[in-house]
Chemist: 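One structure follows; several queries about it will come next.
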Amino acid sequence: MIQSADQTPSVEIRDAAAPAPAGLPARIQHYIDAEFVDSADGETFDVINPVTNETYIQAAAGKKEDVDRAVAAAKRAFHEGPWSSMLPRERSRVLHRIADLVEERGARLAELESFDTGLPITQALGQGRRAAENFRFFADLIVAQADDTYKVPGRQINYVNRKPIGVAGLITPWNTPFMLESWKLAPALATGNSVVLKPAEFTPLSAGLWAGIFEEAGLPRGVFNLVNGIGEQAGDALVKHPEVPLISFTGESSTGQLIFANAAPHLKGLSMELGGKSPAIVFADADLEAATNATIFGVFSLNGERCTAGSRILVERSIYDEFVRRYAAQAERVRIGYPHQPETEVGALVHPEHFEKVMSYVELGKTEGRLVAGGGRPEGFEAGNFIQPTVFADVPHTARIFQEEIFGPVVAITPFDTEEEALHLANGTKYGLAAYIWTNDLKRSHNFAQAVEAGMVWLNSNNVRDLRTPFGGVKASGLGHEGGYRSIDFYTDQQAVHINLGEVHNPVFGKAD
Ligand code: NAD
């Protein structure tokens, strides 16, 4: 349910290239204290269909006043309960119902998400399943949660008392909106917090689905609040709100730096999942076919708009020419198409501003490397934000396309001669999110993993993540880790309670003689 499904869309797009999903709302609103509302000042912003670049809907542009209302509702819900004081088993039941509903509505969710973001429909379906899994995972984790106890026999027991913190501010990007929202919502809610979510302004459509899902699953009023809007307005107000002690942010490194500074006066808890320029290192002894398939998927899935994309491929010189040849041929075969078509592998980039940015890197790459595949707009896609999977070979490490996050279907391939050189190249950017190592040498793979500056490493594997593991980056890719128990740590206070079991150990000051 998004707002009122019976209202007609503000613009009907009947083009077969971009069929508008049926039952779009008349406009996108905030959801505050269990009601869909417009902005206090009535302002809205345009939301664009990435296949046509036409505005298809207006969304409420939240400002400080709207954020204040949402925080007040979340705070009241937190203090009045029952969510914050509910038994973990009861909260877990609600979270499982949420997961069930996300699964049941997977097709609708994917339809909206694919339409709004330009992501291929099959990949949007996968992201929906992952969103449900995030809720199920934390539903299980909170009932199995054990906390530490420390004993000093005969003297003291000390135990850790975990408590929800209050109102968590959740700020998310546009690349996989619903799934990334679930990543923050699930642990924040599982631990008993209330939340205010500020989704990315490029892609606000699917976030409204949470309201209906949460209501139906039995989440109490005011625990979940949603404020749409521009980052510098709604996001900024959330970051600066004195009664929001936690900010979980996923987005660009430069935005993370600004949020870090803006949160400093309030000493807020911060979790920062930021940008990446992750290397895939292919040694000569690797399974070449598996490495090619994985590195193709690793940079062209999700339209290349993926934080952990392996967007730099480092290849050992003895297999370099063969790898580049295979890779370029396969990249040319990747199927570009309209996002709603099941056979599409790369759809439309999210927004014309982002399209211009990625295109500027494609043009720059032609001066910095050797173009071996793609290189522009695909034939037959004259409108919208379509870019061919683009491959540059012989890219020096000083090139901007080697150093900077492009966040589109563009990859740089660079040769290396020795393991030392591969490591130097892998570590030679400001980012440190993920690394993918392809080799059948056991010792080398572990030693390389130890030395590479990346928060996450995959050995002979694509980005396949176990939800129990920490997720996060080093250097400019992030601060702190979420995932599994680390999310529970982020969204709770760990109070230490000390109990005396024996004589009271009091050094006595002012003793009577
Ligand atoms: P962005 O930084 O432009 O925006 C992210 C969110 O922050 C949006 O909701 C935006 O409205 C908000 N925002 C912007 N300015 C703000 C401000 N001054 N105060 C508060 N909020 C503000 O990022 P994006 O372009 O939406 O997303 C792409 C980026 O996200 C890429 O760099 C990508 O690597 C990164 N990302 C990282 C991860 C990860 O887990 N490390 C995952 C997905 C995406």
Side-chain angles (χ1 to χ4, degrees), residues 17 50-51 114 118-123 277-282 286-306 308-317 319-350 354-396 399 401-402 405-415 436 438 462-463:
V51 166
S114 169
L119 287 178
I121 184 73
T122 50
Q123 296 171 38
K277 189 77 184 176
S278 300
I281 304 102
V282 185
D287 175 339
L288 209 54
E289 192 180 339
T292 310
N293 286 334
T295 49
I296 287 270
F297 181 80
V299 73
F300 300 130
S301 56
L302 304 180
N303 298 341
E305 299 162 324
R306 179 180 205 131
T308 50
S311 52
R312 293 182 293 145
I313 308 181
L314 313 177
V315 184
E316 194 163 0
R317 180 96 53 192
I319 55 159
Y320 183 74
D321 289 341
E322 160 72 359
F323 182 88
V324 170
R325 194 188 49 73
R326 268 181 186 239
Y327 195 92
Q330 191 157 333
E332 293 279 3
R333 293 197 297 270
V334 170
R335 281 191 285 276
I336 304 163
Y338 293 112
H340 70 283
Q341 291 171 333
E343 61 278 11
T344 296
E345 293 172 334
V346 169
L349 298 192
V350 67
H354 187 58
F355 173 84
E356 292 303 333
K357 177 185 151 184
V358 176
M359 270 304 203
S360 74
Y361 279 107
V362 170
E363 291 310 313
L364 178 66
K366 292 175 186 171
T367 66
E368 291 188 322
R370 174 166 61 97
L371 180 70
V372 293
R377 184 183 276 285
E379 259 179 52
F381 295 88
E382 306 320 326
N385 306 315
F386 294 91
I387 296 187
Q388 290 173 309
T390 296
V391 184
F392 294 103
D394 311 346
V395 179
I401 61 162
F402 187 95
E405 185 181 46
I406 300 174
F407 220 56
V410 181
V411 67
I413 310 185
T414 305
Y436 307 87
W438 290 89
N462 219 318
N463 173 348

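Scope of the values below: all heavy atoms of this structure, side chains included, with no hydrogens, waters or symmetry mates. A quick note: this is a predicted structure, and the numbers were derived from the prediction, not measured.
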Chemist: Take Q341 and R335, measure what side-chain contact (heavy atoms from CB on, under 4.5 Å) needs, and give me the verdict at the end.
Modeler: CA-CA 11 Å; Q341 291 171 333; R335 281 191 285 276; over 6 Å; no
Chemist: Measure the spacing between CD1 of I406 and CD1 of I401 and express it to the nearest 0.5 Å.
Modeler: 6.0 Å
Chemist: Determine whether a donor-acceptor pair (N or O, by modelled atom type, separation under 3.5 Å) exists between the side chain of S278 and the backbone of G310.
Modeler: no
Chemist: Shortest non-hydrogen contact from G347 to F386?
Modeler: O-CD2, 3.5 Å
Chemist: To the nearest 0.5 Å, what is the distance between CD (Q388) and CD (E332)?
Modeler: 6.5 Å
Chemist: Determine whether P389 and I336 make a side-chain contact, defined as any pair of heavy atoms from C-beta on separated by less than 4.5 Å.
Modeler: yes
Chemist: Any side-chain heavy atom of Y361 within less than 4.5 Å of one from L364?
Modeler: yes
Chemist: May I ask you to test the L349-F407 pair for a side-chain heavy-atom distance under 4.5 Å?
Modeler: no
Chemist: Between N303 and A348, is there a donor-acceptor pair closer than 3.5 Å when you use the side chain of the first and the backbone of the second?
Modeler: yes
Chemist: Test side-chain contact (heavy atoms from CB on, under 4.5 Å) on R306 and N463; report intermediate values, then the result.
Modeler: CA-CA 11 Å; R306 179 180 205 131; N463 173 348; 3.8 Å; yes
Chemist: Hey, are the side chains of V350 and N385 touching, using non-hydrogen atoms and a 4.5 Å cut-off?
Modeler: no
Chemist: Is the backbone N or O of P339 less than 3.5 Å from a side-chain atom of T344, with the two atoms forming a donor-acceptor pair by type?
Modeler: no
Chemist: Please examine the side chains of V51 and F381, heavy atoms only from C-beta on, and report whether any two atoms are closer than 4.5 Å.
Modeler: no
Chemist: So does G380 get a backbone contact from the side chain of E382, meaning a donor-acceptor N/O pair under 3.5 Å?
Modeler: yes
Chemist: Where is the tightest heavy-atom contact between F300 and A331, given as atom of each residue plus distance?
Modeler: CE1-CB, 4.0 Å
Chemist: If you measure from OG1 on T122 to CD on E343, what distance do you get to the nearest 0.5 Å?
Modeler: 9.5 Å
Chemist: Run the side-chain contact (heavy atoms from CB on, under 4.5 Å) test on L119 and L302 for me, step by step, so that the C-alpha distance in whole Å, both residues' side-chain angles and the decisive distance to 0.1 Å come before the verdict.
Modeler: CA-CA 6 Å; L119 287 178; L302 304 180; 4.1 Å; yes
Chemist: Kindly compute the distance separating OG1 (T292) from CZ (F297), expressed to the nearest 0.5 Å.
Modeler: 15.0 Å
Chemist: Side-chain contact test, heavy atoms from C-beta onward, threshold under 4.5 Å: evaluate it for T295 versus Y436 and give yes or no.
Modeler: no
Chemist: Would you mind reporting whether V315 and W438 have side-chain heavy atoms less than 4.5 Å apart?
Modeler: no
Chemist: With a 3.5 Å cut-off and no angle check, do the side chains of T414 and R312 form a donor-acceptor pair?
Modeler: no
Chemist: What are the two closest heavy atoms between F355 and G384, and how far apart are they?
Modeler: CE1-O, 4.3 Å
Chemist: Would you compute the distance between atom CD of E363 and atom NZ of K366 and round it to the nearest 0.5 angstrom?
Modeler: 3.5 Å
Chemist: Could you walk me through whether I313 and F323 pass side-chain contact (heavy atoms from CB on, under 4.5 Å), step by step?
Modeler: CA-CA 10 Å; I313 308 181; F323 182 88; 3.8 Å; yes
Chemist: If you look at every heavy atom in P120 and E345, which pair is closest and at what distance?
Modeler: CG-O, 3.5 Å
Chemist: For residues V299 and S311, report the shortest heavy-atom separation together with the two atoms involved.
Modeler: CG2-CA, 3.9 Å
Chemist: Testing the basics here: between E322 and L288, what is the closest heavy-atom pair and its distance to 0.1 Å?
Modeler: CG-CD2, 3.8 Å
